[in-house]
Amino acid sequence: MEIIDLVIFIIYMIVMLGVGIYFLKSNKTADDYYVGGRKIGPWHVGLSVVATDVGGGFSIGLGGLGFTMGLSGSWMLFTGLIGAWLAAVFLIPKINKLAHKINLLTFPQVFGHFYGKNVAIVAGIISAVGYLGFTASQILAGAKLAGATFSALDTDMAIYIMGGIAVIYTVMGGLKAVIYTDTIQWILLMSGLIFIGIPMSYSAVGGYDAIVESINPELLTFTNITWVQIVNWAITIIPIWFVGMTLYQRIYACKDVKDAKKAWFIAGLFEWPIMALMGTVLGLLARVALDQGLFVHEGFSAIGDLDSEKGLPLLLKTILPPGLMGLMMSAYFSAIMSTADSCLMAASGNIVTDLIGNRGKKFGHLKLSQLATLIIGALSIFIALSVESVLDTMLLSYGFMVSGLFVPVLGALFTKRVSATASLVAMISGGLTTVILEQFFKNYLPFGLDANIYGILVSAILFIFITIVDPKTKIKTL
């Protein structure tokens with residue numbers, strides 16, 4: 001990377017830290033820190049939602065899917081559009097009104113309202129652990145991008161640098177810093193892909209005729225996918241829109257139901273087809289570039305030589321001239337940081353509000369929140385040092401949260417009877433089932449279906465059964 005690219009990148013990082021410093025002065029309460037004062041506009045929230053959900057992990061992960069599957073990899077984010085719009089129609093009208101009525105700050109507080117304190121604590125633990133892993137996946141995504149771009153920088157050092165910067169400005173600025181930097185970062189990424197990344201990559205590989213000549217024709221279709229892959233993505237990604245702490249914080253940050261629904265419809269459209277196609281197209285072009293020998297100077301000449309998730313950043317490094325390279329790398333790093341900071345805020349909120357609660361008042365809620373964010377960020381960096389796949393780490397974190405929390409939250413919001421015992425058993429059994437199957441029996445599951453499916457099934461069966469037989473089951477009140 002040329003000196004001009006490095007200068008551009010450093011300026012970008014300084015600007016992001018500056019945003020954190022600016023909002024550090026405006027945060028006076030936990031309400032400011034975690035939900036932005038509940039008056040952020042729908043476009044800012046919508047762009048923040050899609051930046052958080054797609055972010056760097058899915059950006060790099062989509063590039064990997066485009067590299068291996070071609071355009072069909074874009075169907076993964078179609079499930080994101082479905083999840084966003086279902087949440088807009090069914091979830092937001094209930095949650096936004098409840099949040100303003102009882103001053104909610106976190107997602108597990110919903111469980112506390114319907115099921116009681118003990119259930120909220122367990123939900124907080126599950127959510128915090130899930131977002132800890134998710135944050136680690138984003139830091140790893142940034143490290144892979146940096147490692148493929150800066151030849152003198154190894155992955156471990158990149159993890160320390162990327163993680164450190166994301167943690168620092170999130171600790172200082174809270175949710176307002178996160179949402180407003182997300183808007184900047186997402187616009188930067190979109191502009192970089194539309195005006196720099198895609199057209200220059202397309203030109204570098206020789207255009208459509210060269211692409212058709214180089215690769216298997218099925219990579220250019222939308223049917224290079226099995227029903228099992230679609231089901232696995234759907235059952236993992238759609239429910240996250242109903243249990244994601246980062247998403248609940250943004251529902252709370254909107255001033256009313258109308259703004260929140262508008263934000264979610266905006267987010268869905270940006271997920272698919274816009275970001276889905278751009279990410280997979282770039283991954284596909286990286287595959288073409290490898291086939292054409294454009295990466296030989298980097299030591300990669302065959303598919304098996306190259307980590308599919310590093311194909312996209314390697315392509316950009318190879319084709320972009322000085323100056324544009326710095327802009328494009330800043331765009332991708334911005335997407336990664338936009339997800340990492342949101343996940344840090346989510347895990348911090350779970351720890352401080354749901355687990356520590358009033359016991360932390362003597363330290364000051366705002367200062368304790370910042371300290372928790374710092375500690376969680378450090379743990380995420382440590383986890384990032386020990387995992388290899390961005391997408392696998394993300395989907396495992398998703399699966400752990402979804403299988404534990406999805407059924408109880410549906411029960412709380414859409415049924416008339418609630419049982420604290422049923423909720424506790426469903427959360428613990430669902431999460432443990434998914435983790436155990438994923439870690440020890442992944443290759444033996446029928447039809448290759450994701451472990452998360454069985455986790456949700458176990459959770460649902462136990463939740464329904466115990467709700468029916470539990471003598472303490474009660475008719476819920478909003």
Side-chain angles (χ1 to χ4, degrees), residues 42-43 45-55 58 74-99 104 107-108 110-111 114 123 127 130-131 134 227 229-254 256-276 339 342 346 394-395 397-416 426-427 430 434 449-450 452-453 455-457 459-460 463-464 478:
W43 275 98
V45 173
L47 289 176
S48 179
V49 166
V50 71
T52 296
D53 189 55
V54 178
F58 272 133
S74 64
W75 289 120
M76 182 174 69
L77 282 192
F78 183 71
T79 62
L81 176 142
I82 294 174
W85 287 7
L86 286 175
V89 174
F90 297 106
L91 178 69
I92 285 175
K94 293 178 179 290
I95 289 298
N96 186 266
K97 291 178 181 178
L98 183 64
L104 295 175
F107 166 53
V110 174
F111 287 85
F114 290 108
S127 183
Y131 275 111
F134 203 82
W227 69 269
Q229 286 173 304
I230 294 175
V231 170
N232 285 343
W233 286 342
I235 203 67
T236 300
I237 295 173
I238 292 174
I240 201 68
W241 290 86
F242 290 79
V243 302
M245 169 74 168
T246 57
L247 300 169
Y248 277 76
Q249 284 178 308
R250 283 154 179 76
I251 294 175
Y252 304 159
C254 293
D256 55 32
V257 171
K258 180 180 178 182
D259 275 6
K261 292 178 72 171
K262 181 178 179 180
W264 259 241
F265 284 127
I266 291 169
L269 282 175
F270 272 99
E271 292 227 353
W272 194 94
I274 297 173
M275 190 61 209
T339 304
S342 297
M394 288 172 57
L395 293 178
S397 299
Y398 265 173
F400 176 69
M401 290 191 293
V402 163
S403 56
L405 301 175
F406 184 52
V407 171
V409 80
L410 291 184
L413 296 174
F414 301 106
T415 65
K416 295 181 179 180
M427 284 192 291
T434 294
L449 291 171
D450 193 270
N452 187 41
I453 295 174
I456 292 176
L457 183 61
S459 177
F463 181 85
I464 294 169
L478 289 175

If I compare all heavy atoms of [X] with all of [Y], which pair ends up nearest, and what's the gap?
X	Y	result
Tyr131	Gly244	OH-CA, 3.1 Å
Ala426	Phe463	CB-CB, 3.8 Å
Trp272	Ser74	CD1-O, 3.3 Å
Met245	Ser127	CB-OG, 3.7 Å
Pro42	Ala263	O-CB, 3.4 Å

- Task: Go through the steps to decide whether Val402 and Thr236 satisfy the test side-chain contact (heavy atoms from CB on, under 4.5 Å), and finish with yes or no.
- Result: CA-CA 7 Å; Val402 163; Thr236 300; 5.5 Å; no

By side chain to side chain contact (heavy atoms under 4.5 Å, CB included), which residues pair with [X], not counting sequence neighbours?
X	result
Ala460	Val407
Ile95	Leu91, Val110, Tyr248, Ile251, Tyr252, Leu413
Ile235	Asn452, Ile453, Ile456
Val89	Phe265

[X] side, atom [atom1]; [Y] side, atom [atom2] - distance, nearest 0.5 Å:
X	Y	atom1	atom2	answer
Trp241	Thr79	CH2	OG1	9.5 Å
Ile238	Trp85	CD1	CH2	13.0 Å
Phe242	Phe90	CZ	CZ	7.5 Å
Lys262	Trp43	NZ	CH2	7.0 Å
Trp227	Ile230	CH2	CD1	10.5 Å

- List in chain and number order the residues that pass side-chain hydrogen bond (donor to acceptor under 3.5 Å, both in side chains) with Ser459, two or more places apart in sequence or in another chain; answer none if no residue qualifies.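 side-chain hydrogen bond (donor to acceptor under 3.5 Å, both in side chains) list for Ser459, sorted by chain: empty.
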
- Item | For Thr434, all residues meeting side-chain hydrogen bond (donor to acceptor under 3.5 Å, both in side chains), sequence neighbours excluded |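 Thr434 satisfies side-chain hydrogen bond (donor to acceptor under 3.5 Å, both in side chains) with Ser403 only.
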
- Query: Are Met401 and Pro239 close enough that some pair of their side-chain heavy atoms sits under 4.5 Å apart?
  - Reply: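 No, every pair of side-chain atoms sits at 4.5 Å or beyond.
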
- Query: For Val257, does its backbone N or O pair with a side-chain atom of Asn96 as donor and acceptor, under 3.5 Å?
  - Reply: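 Yes; at least one donor-acceptor contact below 3.5 Å.
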
- Answer yes or no: is there a donor N or O on one side and an acceptor on the other, between the side chain of Asp259 and the main chain of Cys254, under 3.5 Å?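 Judged by distance alone, no pair lies under 3.5 Å.
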
